[in-house]
Amino acid sequence: MPNKTIEQYNNAFDTCFQIFYNKSRDYGPSWKIFRPASLIDQIFIKAWRVRQIQETGIQKIADNIEEEFQAMVNYSIMGLLQIHEAIDFEKELSLEDAVELYTIERKAVTELMLQKNHDYGEAWRMLSQVSFVDLILTKLERMKQIIINDGKTLISEGLEGNFHDIINYALFALIKINEENKS
């Protein structure tokens, strides 16, 4: 895999982490109150907004598409933390602990990306931003069904795998946006 990809990927992830960190300093770990269904809905709102902008070319709020993909990454990390850490919204979570947990999830998602990117040969570079949004929206619909099924799947990946894929699709979209902005 080209070093360029991992550098671009880490740069995009660094930006997402910085937003998570700054918002955690501003608001504390208020995201702990979200249940998985609520986090999925938050990601859906962001992805749906991007789709509407893509389809209509019209937006009345100045937030750019890049910020929406960054939010999708961070909400997905929060979802993974809820799954893996069973974070209790009534217990304290320090900024340092939140950062450590984010870093653990980031490492796992990055490792998965490296493995998949090797096997798929960077096919994501041929996808459009439209495709990334549609893939994310599809993953979200699947996740809603998994929740309806009480988290049980017969042959499909669970919530964790879908959160991983959403993070990677959003980061790939951010890389492509950055490349477009530079050209």
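Computed from a predicted model, the values in this text were never measured in an experiment.
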Quiz item: Is the closest side-chain heavy-atom distance between Lys116 and Asp165 below 4.5 Å?
Solution: yes
Quiz item: Heavy atoms, side chains only, cut-off 4.5 Å: are Ile167 and Glu105 in contact?
Solution: no
Quiz item: In terms of hydrophobic clusters joined by side-chain contacts under 4.5 Å, are Met72 and Ile19 together?
Solution: no
Practice problem: Please check if Val130 and Leu127 belong to a single hydrophobic cluster, counting links between Ile, Leu, Val, Met, Phe, Trp and Tyr side chain heavy atoms closer than 4.5 Å. | Solution: no
Quiz prompt | Over all atoms of both residues, closest heavy-atom pair of Gln82 and Trp31 | solution = NE2-O, 3.6 Å
Self-check item: hydrophobic_cluster_shared for Ile147 and Leu39, side chain cutoff 4.5 Å
Solution: yes
Quiz item: Residues in side chain to side chain contact (heavy atoms under 4.5 Å, CB included) with Asn11, at least two apart?
Solution: Glu7, Asp14
Practice problem: Consider only side-chain N and O atoms of Gln145 and Glu141, and report whether a donor and an acceptor are under 3.5 Å apart. | Solution: no
Quiz item: Hey, mind stepping through Asn178 and Lys182 against side-chain contact (heavy atoms from CB on, under 4.5 Å) and telling me if it holds?
Solution: CA-CA 6 Å; Asn178 190 28; Lys182 286 183 178 179; 3.8 Å; yes
Practice problem: Please determine, by modelled atom types, if Glu179 and Gln8 share a side-chain donor-acceptor pair under 3.5 angstrom. | Solution: yes
Practice problem: Any chance you could measure Ile65, atom CD1, to Ile53, atom CD1, to the nearest 0.5 Å? | Solution: 5.0 Å
Quiz item: When rounded to the nearest 0.5 angstrom, what is the spacing between CD in Gln70 and CG in Leu171?
Solution: 9.5 Å
Self-check item: Met78 CE to Phe34 CZ distance, which is reported to the nearest 0.5 Å
Solution: 7.5 Å
Practice problem: First locate atom CD1 of Ile45, then atom CD1 of Ile40, and finally report the distance between them rounded to the nearest 0.5 Å. | Solution: 12.5 Å
Exercise. Search all heavy atoms of Ile83 against all heavy atoms of Glu160 and return the closest pair with its distance.
Key: CD1-N, 3.9 Å
Quiz item: Taking NZ, NE, NH1 and NH2 as the nitrogens, is one of them in Arg49 or Glu67 under 4.0 Å from a carboxylate oxygen of the other?
Solution: no
Quiz item: Which residue pairs pass the ring pair (Phe, Tyr, Trp, His ring centres under 6.0 Å) test when at least one of the two sits in residues 156-182, sequence neighbours left out?
Solution: Trp124-Phe172
Self-check item: same_hphob_cluster(Ile6, Ile177) at 4.5 Å side-chain heavy-atom cutoff
Solution: yes
Quiz item: What pair of heavy atoms forms the shortest contact from Gly158 to Asn162, and how long is it?
Solution: O-ND2, 2.8 Å
Practice problem: Give the C-alpha distance, both sets of side-chain angles, the deciding distance and a yes or no for side-chain contact (heavy atoms from CB on, under 4.5 Å) between Ile136 and Lys46. | Solution: CA-CA 10 Å; Ile136 290 169; Lys46 300 299 184 181; over 6 Å; no
Exercise. Please say whether more than 12 non-hydrogen atoms of neighbouring residues, nucleotides or ligands are located less than 6.0 Å from NZ in Lys23.
Key: no
Quiz item: Phe69 ring centre to Lys176 NZ or CZ under 6.0 Å, with the angle to the axis within 45°?
Solution: no
Quiz item: At their closest point, which heavy atom of Asn74 faces which heavy atom of Cys16, and how far apart are they?
Solution: ND2-O, 2.9 Å
Quiz item: Taking the inter-plane angle between the rings of Phe17 and Tyr21 on a 0 to 90° scale, is it parallel (under 30°), tilted (30 to 60°) or perpendicular (over 60°)?
Solution: tilted
Quiz item: Does Ile77 share a hydrophobic cluster with Leu93, counting links as ILVMFWY side-chain heavy atoms below 4.5 Å and allowing steps through other members?
Solution: yes
Self-check item: N/O donor-acceptor pair under 3.5 Å between Arg106 side chain and Asn10 backbone
Solution: yes
Exercise. Answer yes if the side chains of Asn22 and Gln18 hold a donor-acceptor pair under 3.5 Å, and no otherwise.
Key: yes
Practice problem: Would you mind listing every side chain to side chain donor-acceptor pair (under 3.5 Å) that reaches into residues 55-65, with sequence neighbours excluded? | Solution: Arg51-Glu55
Quiz prompt | Full working for side-chain contact (heavy atoms from CB on, under 4.5 Å) between Glu92 and Asp97 | solution = CA-CA 10 Å; Glu92 289 296 317; Asp97 288 342; over 6 Å; no
Quiz item: Out of curiosity, Phe20 CZ to Phe13 CZ, how far, rounded to the nearest 0.5 Å?
Solution: 11.0 Å
Self-check item: Closest non-hydrogen atom pair, Val73 against Tyr102
Solution: CG1-OH, 4.3 Å
Quiz item: Do you know which two heavy atoms are closest between Ala47 and Val133, and how far apart they sit?
Solution: O-CG1, 3.5 Å
Quiz item: Rounded to the nearest 0.5 Å, how far apart are CD of Glu111 and CG of Leu114?
Solution: 5.5 Å
Quiz prompt | Reference residue Tyr9; test side chain to side chain contact (heavy atoms under 4.5 Å, CB included); the match among Asn117, Leu174, Val109 | solution = Val109
